[in-house]
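What follows is a single structure, written as structure tokens, with notes after it.
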Amino acid sequence: MKQKWNRSEGWGIVAARRAVAGLLGVVLLALVAGCDQATSDSGPAAIEVEYVAWIFENIDPNYWSTTTDASAFGNFTIYLKTDQIGDRTVDSVKVGAGSLADDYWTLDSSGDFDFDASTGRIDLPYLYIGSRPDVLYLNWRFTVTMSDGAEATYEHQYKSLNGATPPIGNMVYSPEEYGGSTTGMDAMIPVATVTAGPTWNGAAIEATLSLSDADIANGWAWCYAADGTYIGNTVAAFDWSVTDKDNPVPNNAIVTNYDTSSSPVTVDLSITVDDFTDDSATYDFADIASVVILLTDGYQYTGQFDYDFRSRTDQLTVSGTYAAP
């Protein structure tokens with residue numbers, strides 16, 4: 001996907017590395033929607049933004065097949081009120097961040113976003129700033145222009161990790177990639193530290209993670225074949241119903257050891273076919289050749305599969321070979 005920007009340092013947009021994995025991210029976005037009041041401009045026919053769903057992601061730069069070195073991204077899905085759409089399409093979307101009027105991405109209908117008129121859904125690409133490891137965060141505004149010129153604007157102020165307080169500043173950053181002053185900034189969920197594996201051990205994929213951030217509420221893996229085709233995903237490693245971040249409950253179906261006696265804590269995983277959702281008609285569990293580990297916050301959403309921040313590793317090669325049980 002082409003890049004477009006307004007400012008000289010390069011406000012970028014990037015499509016997901018793989019279509020299905022990107023689609024999973026978009027589906028999950030729908031579960032974490034904000035509830036701010038939308039406002040609309042007068043036009044040929046009224047159009048309103050019902051809500052905007054979001055994820056702020058810290059992604060290992062090696063994950064992307066593009067040339068971007070960015071690691072901090074905003075990812076959004078806009079929902080229009082379907083009873084106002086009629087036979088119109090979306091002409092453009094302008095996304096601004098922060099308090100400066102000149103800070104924005106301009107996306108047009110030539111391929112910068114996908115629009116489904118039946119659901120009112122506008123899927124935006126990942127938004128980032130040049131090759132930087134930080135992204136604007138505090139106040140975001142979304143202006144949608146329809147094919148007949150009607151406009152709708154929606155604004156939202158985001159909170160820090162776990163949704164408890166307003167953020168310190170208007171930037172969030174990747175703790176692995178950012179090396180400057182963090183004054184007035186908020187850290188994103190760290191990328192998983194994999195200290196052992198992933199390795200085939202018979203009919204199971206085993207790995208050990210080291211977790212040092214108390215805001216991490218859950219994690220799982222996306223799985224790929226040797227040719228890079230997305231196959232499916234694992235179950236979550238922890239119980240989503242738990243809201244006490246000091247006492248998370250591991251999912252014993254996939255977590256074989258959860259050691260909290262030292263910091264960082266250690267999580268041992270063993271993934272079998274029973275812990276795996278196969279989304280491929282061509283490949284199955286035995287064909288997994290690499291995985292991407294995802295971590296999220298989420299303690300702010302009681303008993304829900306919801307979160308505001310997520311991180312991704314690069315694709316990690318699974319060593320060894322599958323051995324049927």
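For clarity, every value in this text was computed on a predicted model and none was experimentally measured.
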> Given side chains that start at C-beta, do those of Y307 and W240 come closer than 4.5 Å, heavy atoms only?
Replying inline: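 Yes - at least one pair of side-chain heavy atoms lies under 4.5 Å apart.
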
>> Tell me every residue that passes side-chain hydrogen bond (donor to acceptor under 3.5 Å, both in side chains) with S319, counting only those two or more places apart in sequence or in another chain.
In response: T199

> Sequence neighbours excluded, which residues qualify as side-chain hydrogen bond (donor to acceptor under 3.5 Å, both in side chains) partners of D134?
Replying inline: R132

>> Can you list everything that forms a side chain to side chain contact (heavy atoms under 4.5 Å, CB included) with E177? Sequence neighbours excluded, please.
In response: P61, S71, P133, S174

>> Can you list everything that forms a salt bridge (Lys or Arg N to Asp or Glu O under 4.0 Å) with D91? Sequence neighbours excluded, please.
In response: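 None.
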
> Looking at Y258 versus F238, is the centre-to-centre ring distance below 6.0 Å?
Replying inline: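 Between Y258 and F238, the centre distance is under 6.0 Å.
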
> Would the Y126 and W64 ring centres measure less than 6.0 Å apart?
Replying inline: yes

>> Taking ring-ring contact (aromatic ring centres under 6.0 Å, His included) as the cut-off, I'd like each qualifying pair that reaches into residues 183-208, sequence neighbours left out, listed once.
In response: W200-F285, W200-Y322

Ion pair present between [X] and [Y], side-chain N to carboxylate O less than 4.0 angstrom?
X    : Y    : result
R88  : D148 : yes
E155 : R141 : no
E50  : K81  : no

> Got a sec, which pairs hit salt bridge (charged side-chain N to carboxylate O under 4.0 Å, His left out) with one end in residues 248-275, sequence neighbours left out?
Replying inline: none

>> If we check ring-ring contact (aromatic ring centres under 6.0 Å, His included) with F56, which of these qualifies: F76, Y128, F73?
In response: F76

